[in-house]
Amino acid sequence: MSDNQGPVWEIFLQKKAGQPFVHCGSLHAFDKEMALQNARDLYTRRNEGVSIWAVPSNAIVASSPEDIGPFFEPANDKVYRHPTFYQIPDAIGHM
Amino acid sequence: MEVNKFEDVFEGKLAKNEMVEPKDWMPDNYRKHLIRQISQHAHSEIVGMLPEGNWITRAPSLRSKVVLLAKVQDEGGHGLYLYTAAETLGISRDELLDNLHTGKAKYSSIFNYPTLTWADIGAVGWLVDGAAIMNQVMLQRTSYGPYARAMVRICKEESFHQRQGFEIMTRLAFGTEDQKAMAQDALNRWWYPTMMMFGPPDAESPNSENAMKWRIKRETNDQLRQRFVDQTVPQVQYLGLTVPDANLKWNEAKKGYDFSEPNWVEFKNVISGNGPCNKERLAARNKAHNDGAWVREAAQAFAKKRNEIYVAA
Ligand SMILES: [Fe+2]
Ligand SMILES: [Fe+2]
């Protein structure tokens with residue numbers, strides 16, 4: 001059976017100008033233009049966004065669940081990356 | 001990691017109410033169960049467009065026409081969200097569609113009943129979408145991430161579907177004698193098929209146990225059915241209509257209604273292809289798919305010509 005639905009695209013929506021793009025789902029389309037139009041029809045029927053990114057699914061590189069430990073743990077013991085690690089003299093107040 | 005380690009991680013996620021994501025290890029049977037359930041759900045959304053689409057050109061006013069059109073369009077969208085959720089489990093869209101078109105895959109038995117009058121469009125929105133919503137609200141917390149996220153989006157969109165159906169029922173039930181009779185007739189025909197939507201009684205439901213164990217479902221068929229009856233009876237009373245069940249009675253002890261079971265023999269018949277509209281529905285889907293073949297081919301050729309080819313992921 002031939003796959004004649006076109007490739008899969010991941011769709012990201014920006015809710016309002018200035019906000020980050022958030023993944024909302026995927027769809028099939030044959031080209032960029034169709035991907036955008038389908039995304040408009042499928043994911044923004046109720047003004048869910050003002051801007052759309054469509055990315056071919058196979059262009060996405062993802063970390064794998066088995067690597068959660070080795071990949072993200074190095075950040076755990078670096079408390080000095082957070083402002084709460086430092087003491088500011090009371091006399092200074094807010095910094 | 002060995003298989004049993006993977007299994008521990010999976011079980012651990014379920015125990016902590018965490019979601020399972022596409023790249024996570026999962027037992028084969030969990031994957032199979034999900035593919036079956038999500039694809040059935042997707043097919044139901046798509047086939048479900050047919051009984052309502054039947055009335056778009058005959059809607060009694062421009063307002064009711066745009067409303068019905070928007071609703072049916074939503075259902076098409078729901079089908080697409082669900083197909084892509086199923087595809088994250090490693091089945092292709094082509095295979096999913098093929099399973100529907102050949103009759104290998106099932107869809108909800110409810111869509112094999114005909115929509116004979118405009119009142120049926122009211123009854124479908126009110127009862128059928130009402131029952132679907134009850135099931136879908138539960139599924140927003142299902143254990144498979146892509147399915148749960150599709151459900152959140154779907155539930156947001158569903159909320160107007162039931163209201164527009166109830167509005168149609170209200171107009172008819174408070175209209176002329178003939179209109180009220182039409183509303184009652186639609187209720188009579190849709191009540192039991194709607195009850196069947198929750199699936200067979202728990203004692204006879206072959207897939208329920210796993211679905212509960214894996215937190216795919218969080219409530220049983222019978223629990224959802226009871227909740228549906230308890231929620232709907234006051235709405236029937238408001239409309240001044242009668243539930244077509246002589247055994248319907250408030251049970252103070254269980255704080256819920258006692259009611260008659262639908263005819264499960266009929267349910268099995270409809271599921272296995274012998275409902276009033278099974279053949280018509282499948283024929284319509286096959287025709288639509290085949291008639292659209294040239295569009296897919298043209299789109300592919302056009303993308304090729306512009307040298308914009310993305311390999312199917
Ligand atoms: Fe739907
Ligand atoms: Fe709906």
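In the text below, chain A, chain B and the rest are named by the order of the sequence lines, each starting its count at 1.
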Tell me, for A:Leu42 versus chain B, whether the close heavy atoms (under 4.5 Å) come from the side chain, the backbone, both or neither.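 Looking at A:Leu42, backbone and side chain both touch chain B.
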Would B:Asp74 and A:Arg46 count as a salt bridge (charged side-chain N to carboxylate O under 4.0 Å, His left out) here? Give the steps. CA-CA 11 Å; B:Asp74 273 353; A:Arg46 290 173 177 78; 2.5 Å; yes
Do [X] and [Y] come close enough that some side-chain heavy atom pair is under 4.5 Å?
X	Y	answer
B:Tyr83	A:Gln5	no
A:Phe30	B:Arg296	yes
B:Glu157	A:Arg45	yes

In Å, rounded to the nearest 0.5 Å, how long is the span from [atom1] of [X] to [atom2] of [Y]?
X	Y	atom1	atom2	result
B:Leu80	A:His28	CG	NE2	9.0 Å
B:Lys304	A:Asp31	NZ	CG	14.0 Å
B:Lys156	A:Glu48	NZ	CD	7.5 Å
B:Asp94	A:Asn4	CG	CG	4.5 Å
A:Cys24	B:Tyr81	SG	OH	8.5 Å

Verify the neighbour count for atom [atom1] of [X]: are there more than 12 heavy atoms of other residues, nucleotides or ligands below 6.0 Å?
X	atom1	value
B:Arg163	CZ	no
A:Lys16	NZ	no
A:Lys15	NZ	no

Where is the tightest heavy-atom contact between A:Ala62 and B:Lys23, given as atom of each residue plus distance?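 In terms of heavy atoms, the two residues are closest at O-NZ, 3.3 Å.
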Does any heavy atom of chain A fall under 4.5 Å from the side chain of B:Arg153, the backbone, both, or neither of them?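 Contact with chain A: side chain only.
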Check this for me: does any side-chain nitrogen of one of A:Glu33 and B:Arg306 sit under 4.0 Å from a carboxylate oxygen of the other?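 Salt bridge: yes.
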